[in-house]
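What you see is a predicted model; the values in this text were computed from it and never measured. Each chain gets a letter, A, B and so on, in the order the sequences are listed, and its residues count up from 1. Atom set for the values below is all heavy atoms of this structure, side chains included, hydrogens, waters and symmetry mates excluded.
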Number of protein chains: 2
Amino acid sequence: MKVLIADDDRDLLNLIAFTLTQASYLVVKATDGPAAIRAFDEESPDLAVLDINMPGASGFQVCETIRAKSRIPIMMLTVRGEEEDLIRALDLGADDYLTKPFSPRTLLARIKALLRRAGLESSAPAAAGRVALDVQEHTVRISGGAPIRLTKLELRLLQMLLANANRTVSSDRLLVQVWGHRNSGDRQLLKQLVHRLRHKIEADPASPQLLQTSAGTGYKLVVD
Amino acid sequence: MKVLIADDDRDLLNLIAFTLTQASYLVVKATDGPAAIRAFDEESPDLAVLDINMPGASGFQVCETIRAKSRIPIMMLTVRGEEEDLIRALDLGADDYLTKPFSPRTLLARIKALLRRAGLESSAPAAAGRVALDVQEHTVRISGGAPIRLTKLELRLLQMLLANANRTVSSDRLLVQVWGHRNSGDRQLLKQLVHRLRHKIEADPASPQLLQTSAGTGYKLVVD
DNA sequence: TCAACCGGTTATATGGAGGTAACAAACCGG
DNA sequence: CCGGTTTGTTACCTCCATATAACCGGTTGA
């Protein structure tokens, strides 16, 4: 689990980095807005912690930029007494905020909560019905069969479908969740991915039992 | 395994000492800064636990003094709400911190973690299945064969993999654990290290039985 | 009826990840 | 200071996941 932290206060940055590292997160640091955006592009973190007051681009701009490309959870940091900032931050798509000063432990707890909410929680081996997903090993087992190895994208897709087991997920949502950006014009990618995944997990890929199509909307994972 | 504890609160000191003694550590006690430094010089402990607020020299000074002479793991104790202290402590080279109040059990767990990280773990020579690691001697034995000498990095890599035997460990995590910092862009180092280690421990390095790669994720040690 | 659209399939190009080798730099004990 | 070992760096190769494109059949609605 990789976390991007952006704050121009180097001491605070290091303290946060240390705390998260101890909790076995991977940390990517940035001390100003442009660096944060660069780090986001290069490292593709799973979560971002952004200070609002930073030189270069403000936390707002960083938040907006990231949101334009990705749906990862974003937590904003602000100083007490500037609550109106928060409204703007949440408008721009931030998921949570924390008011300085805060204890490292608090930050850690909130980060865990965010990740849990985003369904990215590291440990939990997600499972529903006959589909058992092992995120760490990148494998699925269907009806207790042999583990099937999945690629990164296949795993993401299954994660999303599994999180909404037995319910249709729209193609647009899947595109955003799996690829992070992409306009919904890019359906070809999803078609391909579904096709490949079916060949891996379906007994008869021509008539899918698990990964079914919901015509005109999207796909659903039927787990019984 | 010898542990130095410095805290001016005698009750807490005794509680910690008792806990550690029960866990079969040797304990050296000090109730102020100068005593702590003296004890360090005379007893050469393997790890130090330092309260930040102490009469005489503060925990900071003690930390600095010890760091100037030694690389033993240092854990700082502080009271809740003084997080800025931690920044300074970590700057001075402390390895971990704990906020009072804490449970003895927590302290013990963190101490063990520190020792493990430093490769000083007292407990049983790490082993799982056919892989037996002797951390002191920097050697492995595979299926009871002859001991194989390992370099520092090889040892650490193997330690990490052994600690998660039969489970995939992500490349990013391995990089952080083995090299300590590093941007995760530096996968080449890991590739090389894996390559070298395979040539040492695998019967046929071209088709690894022990140190297997999990494509797109990382590596795992299969010990059966 | 037919054109537009949707979903499935196949084929091919491309880029990144991992393996290997060779070499350079740093380290270390004598 | 020397020689060997360990670690870091660069380059190249291969393979596979992903991206891109084209084609097919079915459905729908003008």
Whole angstroms only, please: what is the [atom1]-[atom2] distance between [X] and [N]?
X       : N       : atom1 : atom2 : result
L193(A) : dT18(D) : CG    : C1'   : 9 Å
L190(B) : dA17(C) : CG    : P     : 13 Å
H138(B) : dT5(D)  : NE2   : P     : 17 Å
L157(A) : dT18(D) : CG    : P     : 11 Å
R149(A) : dA17(C) : CZ    : C1'   : 12 Å
L197(B) : dG18(C) : CG    : C1'   : 16 Å
L189(B) : dT10(D) : CG    : P     : 11 Å
K152(A) : dC16(D) : NZ    : P     : 16 Å

* Pair D95(A) + R67(A), salt bridge at N-O below 4.0 Å ->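 Yes.
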* Asked: Thinking salt bridges, do R187(B) and D172(B) make one under a 4.0 Å N-O criterion?
  ->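 Yes.
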* **Most 5' of L153(B) and K200(A) on DNA chain D, judged by nearest nucleotide** =>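 Per heavy-atom nearest nucleotide, the more 5' residue is L153(B).
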Tell me, do [X] and [Y] make a side-chain contact under 4.5 Å, heavy atoms counted?
X       : Y       : result
T151(A) : K200(A) : yes
Y219(B) : V169(B) : no
L174(A) : L161(A) : yes

Whether the [X] and [Y] side chains hold a donor-acceptor pair (N or O, under 3.5 Å, no angle test) is what I'd like checked.
X       : Y       : value
R198(A) : T213(A) : yes
K220(A) : N164(A) : no
Q136(A) : T168(B) : no

Report each atom pair, protein N/O against N/O of nucleotides 7-13 of chain C, whose distance is under 3.5 angstrom.
unit_1  : atom_1 : unit_2  : atom_2 : d
dG7(C)  : OP1    : G216(A) : N      : 3.1
dG8(C)  : OP1    : R198(A) : NH1    : 2.7
dG8(C)  : OP1    : R198(A) : NH2    : 3.3
dG8(C)  : OP1    : T213(A) : OG1    : 2.6
dG8(C)  : OP2    : Y219(A) : OH     : 2.7
dG8(C)  : N7     : K191(A) : NZ     : 3.1
dG8(C)  : O6     : K191(A) : NZ     : 2.7
dT9(C)  : OP2    : H195(A) : NE2    : 3.4
dT9(C)  : O4     : Q188(A) : NE2    : 3.1
dT10(C) : O4     : Q192(A) : NE2    : 2.8
dA11(C) : N6     : Q192(A) : NE2    : 2.8

* Asked: Counting only heavy atoms not in K152(B), do more than 12 fall under 6.0 Å of its NZ?
  ->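 Not buried by this count: 12 neighbours or fewer within 6.0 Å.
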Tell me whether the OP1 or OP2 atom of [N] has a side-chain N or O from [X] closer than 4.0 Å.
X       : N       : result
W179(B) : dT7(D)  : no
T151(A) : dC16(D) : no
R196(A) : dA17(D) : no

* Asked: Considering the terminal five base pairs at each end of the helix from dT1(C)-dA30(D) to dG30(C)-dC1(D), what angle separates the two local helix axes, rounded to 10°?
  ->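 About 30° separates the two local helix axes.
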